[in-house]
Amino acid sequence: MSHEGLHEQPELLDDETVDHHRAIESLVEELEAIDWYDQRARATGNAELASVLVHNRDDEKEHAAMALEWVRRRDPELDAQLRLYLFTDGPLASVEDAPPEPLVAAAGTEGRGLGIGSLREAS
């Protein structure tokens, strides 16, 4: 599968936008590579080749995670969505409907706020 390049004329885009596009394209390519290696590992009857392909697939997962993190750090809305959905339990379609989890108080500070003390002067 090939991907389209920039949808707008390059001269109309700033460097940040072009780099963002590069990172997203790299992420897509890493995810495709994961899929391809996984299919090949599952299709082969050769255990040694399968182990090599699984190793290569898992290297691509590291690359995908790094590319995703680069994009996340520069895209506040994506950051918010990832924080909402990643590492949750239960049906994904209803994650946004769940009540927010309560803040866990630091040990020994129950009922006293964040446990950093008062910023007001003692009277």
Side-chain angles (χ1 to χ4, degrees):
M1 175 184 295
S2 64
H3 298 280
E4 293 186 36
L6 296 168
H7 289 277
E8 297 295 331
Q9 297 299 316
E11 60 272 6
L12 299 177
L13 303 173
D14 60 20
D15 291 343
E16 182 179 342
T17 301
V18 174
D19 281 344
H20 189 258
H21 174 75
R22 287 180 178 122
I24 290 175
E25 282 297 309
S26 292
L27 175 58
V28 168
E29 291 163 0
E30 299 298 347
L31 293 172
E32 284 181 334
I34 292 165
D35 181 41
W36 296 340
Y37 279 122
D38 193 53
Q39 290 180 45
R40 293 171 185 153
R42 291 171 184 265
T44 187
N46 184 299
E48 184 176 22
L49 175 58
S51 70
V52 170
L53 296 171
V54 165
H55 173 85
N56 292 349
R57 177 201 63 201
D58 292 346
D59 280 351
E60 302 302 334
K61 291 176 181 179
E62 175 188 11
H63 304 160
M66 292 169 66
L68 179 58
E69 178 61 10
W70 189 93
V71 174
R72 183 201 64 81
R73 290 179 182 189
R74 288 156 179 80
D75 185 332
E77 180 57 29
L78 179 60
D79 175 65
Q81 295 299 322
L82 292 174
R83 289 176 188 274
L84 178 64
Y85 286 98
L86 292 183
F87 310 109
T88 60
D89 297 313
L92 289 171
S94 61
V95 167
E96 60 192 19
D97 298 330
E101 292 185 24
L103 293 175
V104 177
T109 63
E110 291 79 15
R112 296 185 303 174
L114 297 175
I116 58 174
S118 176
L119 297 178
R120 296 184 184 146
E121 289 184 31
S123 36

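Keep in mind that the numbers below use all heavy atoms, side chains included, and drop hydrogens, waters and symmetry copies. Residue numbers count from 1 along this sequence.
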Problem - By side chain to side chain contact (heavy atoms under 4.5 Å, CB included) - contacts of Asp35 (at least two apart) - result: Gln39
Completion exercise
Sorted by chain and number, sequence neighbours left out, side-chain hydrogen bond (donor to acceptor under 3.5 Å, both in side chains) with Glu77 holds for Gln81
Handout entry: Selection residues 7-20 - residue pairs positive for salt bridge (charged side-chain N to carboxylate O under 4.0 Å, His left out), sequence neighbours left out
Key = Asp19-Arg22
Completion exercise
Taken to the nearest 0.5 Å, the spacing of Glu60 CD from Glu32 CD works out to 11.0 Å
Practice task
For His55, check side chain to side chain contact (heavy atoms under 4.5 Å, CB included) against everything at least two apart and list the hits.
Solution key: Asp59
Problem - Joint hydrophobic cluster, Trp70 plus Ile34, side-chain heavy atoms closer than 4.5 Å - result: yes
Handout entry: Distance in Å, Met66 CE paired with Leu27 CG, rounded so as to fall on 0.5 Å steps
Key = 12.5 Å
Handout entry: Residues which pass side chain to side chain contact (heavy atoms under 4.5 Å, CB included) with Thr88, listed by chain and number, not counting sequence neighbours
Key = Leu92, Val95
Practice task
Spell out, yes or no, whether Leu12 and Ile24 are grouped together once hydrophobic residues are joined by side-chain heavy atoms under 4.5 Å, including indirect joins.
Solution key: no
Practice task
For Leu78, enumerate each residue passing the side chain to side chain contact (heavy atoms under 4.5 Å, CB included) test, keeping only those at least two apart in sequence or located in another chain.
Solution key: Leu68, Val71, Asp75, Leu82
Practice task
Just grab all the salt bridge (charged side-chain N to carboxylate O under 4.0 Å, His left out) pairs involving residues 63-73, residues at least two apart or on different chains.
Solution key: Glu69-Arg72, Glu69-Arg73, Arg72-Asp79
Exercise for the section: Kindly give the heavy-atom pair with the smallest separation between Ala23 and Ala67, and that separation in Å. Expected result: O-CB, 4.2 Å
Problem - ILVMFWY clustering at 4.5 Å (side-chain atoms), partners of Val54 - result: none
Problem - Hydrophobic cluster of Val52, others only, ordered by chain and residue number, side-chain cut-off 4.5 Å - result: none
Fill in the blank from the handout: Apart from Tyr37 itself, members of its ILVMFWY cluster (side-chain separation under 4.5 Å) are Leu49, Leu53
